[in-house]
Each structure stands twice: as structure tokens, then as C-alpha cells.
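As C-alpha cells, the structure follows; a few thoughts come after it.
When a ligand or atom number is given, it counts from 1 through the structure's own listing order.
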Amino acid sequence: MRPELRISEDAEAVAHAGADLFATIARDAIVDHGFCAIALAGGSTPRRLYQILAEGSAESGVPWNATHLFFGDERPVGPTHEDSNYRMAREALLDRVPLPESNVHRIEGEQSDSESAAALYELDLRAFFVSRMALLGAFPRFDLVLLGLGPDAHTASLFPGTTAVWEQHHWVTSCRVEKLAQDRITLTPPALNAARTLAFVVSGAEKAQAVASVMEESPDPGRLPAQIIRPKEGRLLWLLDRAAASGLEHR
Ligand code: 6PG
């Protein structure tokens, strides 16, 4: 299935489009199978999307008590560190909606052994998805995975030249990101690609080249990791503003 492009005027409009997508998928998931499982993107772009979700929580109809939130990746920091994806989501969303604490599934980035932290997170995921038979083949069936895109075409913590891009068995892995001098923990391509909906949320001219390369250059996920995102039986959306889409020849 070809990716679906949704191009909005600016970053604020993209954030609103992402919040609307989140709410729609959450409501539909509860009707369809009684719960909703969403993996949140990290970085800075989704902050506004999460704030809009929190601001509109009362009227959005998101069934927070049956919604479970996960993380696509985490930096090697604790939950209160300024670089923590969890902290960003907690401040923008988690502390502002009636979401049961047990519905938040955090990656323990603070663990000194990132491999064991990845294995622990995979156990959490397996407990959730296997008990609900929410699988596609051997992988978790997220209702929605939100993804960012770096200027180097990384997504989640699937960075160019790293082993994580090629992981085919685990749901979660850790890998050394030399350019950051960090170990990162990330959902793997097969775990991401089993989702019902994957949505890149990207804004800003600084991402235009990466967007164009990922969408229009021949497959080379080692250099352009976001190209590894190809839903097995789901849909792929690109929520872009005009600036991020400005490098595309075919819009
Ligand atoms: C992370 C994110 C990463 C992010 C991109 C875009 O932990 O950094 O998961 O994949 O989505 O780097 O980040 P910005 O939204 O800050 O540009």
C-alpha cells in the first residue's frame, strides 16, 4: 500500500492533524477490540500534538481508561532528565489526562545495561500484547505508532549505520549510536511494521531533504533508516507541513 501524504500549512496544523488521528484511532480501537495501544514518538516535534490532545481531552472522546501508551524509543537517561522522551510526554500529556498510571509503559533508559533494559521492555510488551492476542504473526499489533524523522532520516532510534535497522526477531533492541556517543533503546522494524497505522509527524524545512530522500530515493535503509518503515498489514501516513514537504517532486 502506498504511503498517504497529508500536507498541512504549518507545524501547528500538523500537530492538530496528529491529535485528531490519535483520537479517532483510539475511539475506533475501543469499539473494535476493547483497548487501544499507541506508541508515542520522542523528540520535540510531537510535544505540541500531545499538548493539543491534553487540551482537548474532555471533548476528544479518547477512552483514556482503556488506552495504553508506549514509547517508540528512549534516550539513555532517567524519567526526569531533560532529554527524556518519557518526561516530554509526561509534561505535555500524561500528567494532564485521566490515564491510569498502569496504562503508561515506560522504557527504563536509566538502566546502565541498555540490553537488559530493552529485554525488560520487550517482556512488558509481550505481557500486554500476547495476553490480548493482539499480534500480527509474531509481533505486537499497535493501533497507532507515531514516528518522528531526523534530518539524517533516522526514525525512533533506528539510526544510519546501526544494527537496530536490521533486527528481525526481537521487538525491542538497544544499539550503540556512535554519532551521539549513546546507547539507545528502540522498537525494532518488525515490531513497528506490524502496527495497524504508522504515522510520521514531520514539520520544518530542515526535514525536507530527509523526507524527499526517504520517499523518493531507491531503497537504502542502512543510509535512510526511515525507509525500513513499511507496514505489513497496515497503513502508513505522512503528516507533513508545507516546509517539510517542499523537497518532494510528487505531492
Ligand atoms: C528521539 C526520537 C527521534 C525523533 C527525531 C526527530 O528520541 O530523538 O525518537 O526519532 O523523533 O530525532 O526529532 P525532532 O522532532 O526533535 O526533530
Handout entry: Lys/Arg-Asp/Glu bridge criterion (N-O < 4.0 Å) met for Glu4, Arg2
Key = no
Problem - Between Phe35 and Phe128, ring centroids under 6.0 Å - result: yes
Handout entry: Atoms of ligand 1, numbered as shown, that sit under 4.0 Å from any heavy atom of Asn85
Key = 1 (C), 7 (O)
Handout entry: Whether Glu206 lies under 4.0 Å from ligand 1, heavy atom
Key = no
Exercise for the section: Tell me which part of Ser44 gets within contact of ligand 1: side chain, backbone, both or neither, using heavy atoms under 4.0 Å. Expected result: both
Problem - Gly72 near ligand 1 by a heavy-atom separation under 4.0 Å - result: no
Exercise for the section: Can you pull out the closest protein heavy atom to atom 11 (O) of ligand 1? Residue, atom name and distance to 0.1 Å, please. Expected result: Gly148 CA, 3.3 Å
Handout entry: Residue, atom name and distance, where the atom is the protein heavy atom closest to atom 9 (O) of ligand 1
Key = Asp73 OD1, 2.7 Å
Completion exercise
Looking only at protein heavy atoms, what sits closest to atom 12 (O) of ligand 1 is His154 NE2, 2.7 Å
Problem - Electrostatic pair Arg242-Glu9, nearest N-O below 4.0 angstrom - result: yes
Handout entry: Atoms of ligand 1 close to Arg75 [distance to a heavy atom under 4.0 angstrom, numbered from 1]
Key = 1 (C), 7 (O), 8 (O)
Problem - atom 10 (O) of ligand 1 [closest protein heavy-atom partner, distance rounded to 0.1 Å] - result: Ala156 O, 2.7 Å
Handout entry: Top protein contact for atom 17 (O) of ligand 1, by heavy-atom distance
Key = Lys207 NZ, 2.7 Å
Fill in the blank from the handout: The closest protein heavy-atom partner of atom 15 (O) of ligand 1 is Thr45 OG1, 2.6 Å
Problem - Under the side-chain hydrogen bond (donor to acceptor under 3.5 Å, both in side chains) test, residues paired with Glu233 that sit two or more places apart - result: none
Handout entry: Ion pair Arg106/Asp124, N-O distance below 4.0 Å
Key = no
Handout entry: Contacts of type side-chain contact (heavy atoms from CB on, under 4.5 Å), residue Ala194, not counting sequence neighbours
Key = Leu136, Phe139
Handout entry: Nearest-contact summary for atom 13 (O) of ligand 1 - protein heavy atom, Å
Key = Gly43 CA, 3.9 Å
Practice task
List the steps, then state whether salt bridge (charged side-chain N to carboxylate O under 4.0 Å, His left out) holds for Asp73 with Arg184.
Solution key: CA-CA 7 Å; Asp73 72 323; Arg184 287 285 190 99; 3.6 Å; yes
Practice task
Step through the shown structure and confirm whether more than 12 heavy atoms of other residues, nucleotides or ligands are within 6.0 Å of NE2 on His170.
Solution key: no
Exercise for the section: Specify side chain, backbone, both or neither for Leu149, according to which of its non-hydrogen atoms lie closer than 4.0 Å to ligand 1. Expected result: backbone
Practice task
Decide yes or no for Leu93 and Leu69: does some side-chain heavy atom of the first lie under 4.5 Å from some side-chain heavy atom of the second?
Solution key: yes
Problem - Residue-ligand contact Glu74/ligand 1, heavy atom below 4.0 Å - result: no
